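Taking it in order: structure first as structure tokens, then the write-up.
Computed from a predicted model, the values in this text were never measured in an experiment. Quick note on labels: first sequence line is chain A, next is B, and so on, each numbered from 1.
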2 protein chains.
Amino acid sequence: MSLRFALLAILRVGPLSGYDLQKQFSQSVGHVWHAPDSQIYPQLRKMEAEGLIQGEDQARGERGTRRVYHMTDAGEAAYKAWLEAPAEYQRVRDPAHLRAAYLENSTPAAARAFLHAHIAQWEGELAQFQGQIDQIDTMTSTMLNRRLEHTPPAERERAIAYKRFAYEGLVERAKVEIAWAQRGLELVGRLDAG
Amino acid sequence: MSLRFALLAILRVGPLSGYDLQKQFSQSVGHVWHAPDSQIYPQLRKMEAEGLIQGEDQARGERGTRRVYHMTDAGEAAYKAWLEAPAEYQRVRDPAHLRAAYLENSTPAAARAFLHAHIAQWEGELAQFQGQIDQIDTMTSTMLNRRLEHTPPAERERAIAYKRFAYEGLVERAKVEIAWAQRGLELVGRLDAG
DNA sequence: GACTCCATGTAATCAGTTACATGATTAG
DNA sequence: CTAATCATGTAACTGATTACATGGAGTC
């Protein structure tokens, strides 16, 4: 249910084609809400049917077309309502911690492999999130700059601060996961030796 | 896809009816992989059809029956295979951090409400996880004790250590979320004042 | 002419949520 | 006899994944 709002957040800054939107998406909000294009295109159609956005076919070359979407007032209202409503929380459903709870049934080798993979996984995420923060700090984030062009100077500081804040949370989470898995490796070592 | 393994992990210790399984589930693995009974009953039927478990109807009172499931060799093999296979990782899809990334579009009041709710949410989770750790430490966890009865004494230490380790990870995660949201409240205060 | 990028989908399937639905047993 | 708990589902729907499918535009 959040996908539509993630899309609205991007479209809010200015009209985009499905393709361009999807690219913007994967480089920005996609870090915090993943969606493949096969989900985005139908979702845009659905949102158009509901009146949240409006699409127009534009000519492209001789025969090609592309559909450019812009936000409607209803879309703006829905976005605002989402911002005021309490956030949804999903019930925990965590494959990694599930596995961890039954690590005693694994061989030490498999336990180590699992924990190393966990570290690798979260180091990948960490690098992504950290990269975003670096882009924010150096003002080299194209998506943020596009956004800032459309926000009054007085509110730019706020926009930057909150964007950074969101990514800081993700960075911290990634670090905790890595530290936890590292303690896990030590635990495997102790139990394996003793 | 992990649900079946969570169910197998419980069934592995001994046969249970769907109802008892579901209760054991919600008090143990359910903390790390939520599933309502409306998902568990059909899943058990499905696993039976696939030969991972075997169910038998037992009489209960005069007319009532209940279906008691036990694990098959195929189920045991599937469980072992899961333990050796690399863990699945889901793509990030985090409503709270998505909201956080667009907090500049909220009013300060809505931003505060969101962050307070985030803290409340994770304090609830934290209490649950911490409660589990306390039960492990005081050996008052019925589910863990049931499990330990069926594990050779030499391996009990391992079982306890890994169980605790899994919950420690969840506790740390909850604490990070709370700390992050608290920093968020300070940030709202600073931006609101300045 | 081949390759890359632009551009947009559909179809099948699976996993999970919500709501509805039913009835039997047991303890007070 | 009434309430709690035991016991088990189905149905409709939403959201997400995977795979398949197509074709134009620009460039080397």
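Atom CG of B/Asp37 is separated from atom P of C/dG16 by 15 Å (rounded to the nearest Å). Residue B/Gln43 contributes atom CD, which lies 16 Å from atom P of D/dT8 at whole-angstrom precision. Across the protein-nucleic acid pair, A/Gln22 atom CD and C/dC6 atom P stand 10 Å apart, rounded to whole Å. When rounded to the nearest whole Å, the span between CD1 of B/Ile40 and C1' of C/dT18 equals 16 Å. What separates CG of B/Asp20 from C1' of D/dA7 is a distance of 10 Å, to the nearest Å. If you measure from atom NE2 of A/His34 to atom C1' of D/dT18, you get 11 Å, rounded to the nearest angstrom. Atom-to-atom, CD of A/Gln39 to C1' of C/dT8 comes out at 16 Å; the value is rounded to the nearest Å. Atom-to-atom, CZ of B/Arg4 to P of C/dA15 comes out at 8 Å; the value is rounded to the nearest Å.
For A/Arg60, there are no salt bridge (Lys or Arg N to Asp or Glu O under 4.0 Å) partners, not counting sequence neighbours. Applying the side-chain contact (heavy atoms from CB on, under 4.5 Å) rule to A/Thr72 yields the partners A/Gln54, A/Ala74; only residues at least two apart in sequence or on another chain are considered.
Phosphate proximity of D/dT14 to A/Lys46: absent, as no side-chain N or O sits under 4.0 Å from OP1 or OP2. In this model, the phosphate group of D/dT17 is approached by a side-chain N or O of B/Arg93 to a distance below 4.0 Å at OP1 or OP2. Put simply, A/Tyr19 has a side-chain N or O that comes within less than 4.0 Å of OP1 or OP2 on C/dC6. Proximity of B/Tyr41 to the phosphate of D/dT8: a side-chain N or O atom is located under 4.0 Å from OP1 or OP2.
Not a single donor-acceptor pair, N or O on each side, falls under 3.5 Å between the base of C/dT17 and the side chain of B/Ser38.
Proximity of the aromatic rings of A/Phe5 and A/Trp33 is defined here by a centroid distance below 6.0 angstrom, and this criterion is not met. If you look at A/His118 and B/Tyr89, their ring centroids are closer than 6.0 Å.
Nearest nucleotide to the B/Met1 side chain, out of C/dA15, D/dA16, C/dG16: C/dA15. In this structure, the nucleotide among D/dT18, D/dT8, D/dG15 sitting nearest to the side chain of B/Arg91 is D/dT18. When the nucleotides C/dT18, D/dT8, C/dT8 are ranked by their closest atom to the side chain of B/Pro36, C/dT18 comes out on top. Here the side chain of A/Lys23 is nearest to one of C/dC6, D/dG9, D/dT8, namely C/dC6. Of the listed nucleotides (C/dT8, D/dT17, D/dA16), D/dA16 has the atom at the smallest distance from the side chain of A/Trp33.
In this structure, B/Tyr167 and B/Phe129 have tilted ring planes: the angle between them lies in the 30° to 60° band.
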One pair to check against salt bridge (charged side-chain N to carboxylate O under 4.0 Å, His left out): B/Arg12 and B/Glu76. What are the steps and the verdict? CA-CA 8 Å; B/Arg12 206 165 167 259; B/Glu76 179 70 22; 3.1 Å; yes

What's the verdict on side chain to side chain donor-acceptor pair (under 3.5 Å) for A/Tyr19 and A/Asp37, showing C-alpha distance, side-chain angles and the deciding distance? CA-CA 8 Å; A/Tyr19 184 80; A/Asp37 47 358; over 6 Å; no

Enumerate all atom pairs, one protein N or O and one N or O from nucleotides 22-26 of chain D, separated by less than 3.5 Å.
from, atom 1, to, atom 2, distance (Å)
D/dA25, OP1, A/Glu62, N, 2.9
D/dA25, OP1, A/Arg63, N, 3.2
D/dA25, O4', A/Arg60, NH2, 3.4

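Map A/Ala35 and B/Tyr69 each onto its nearest nucleotide of DNA chain D; the residue landing nearer the 5' end is B/Tyr69.
For the residue pair A/Asn145/A/Thr142, the side-chain donor-acceptor check at 3.5 Å is not satisfied.
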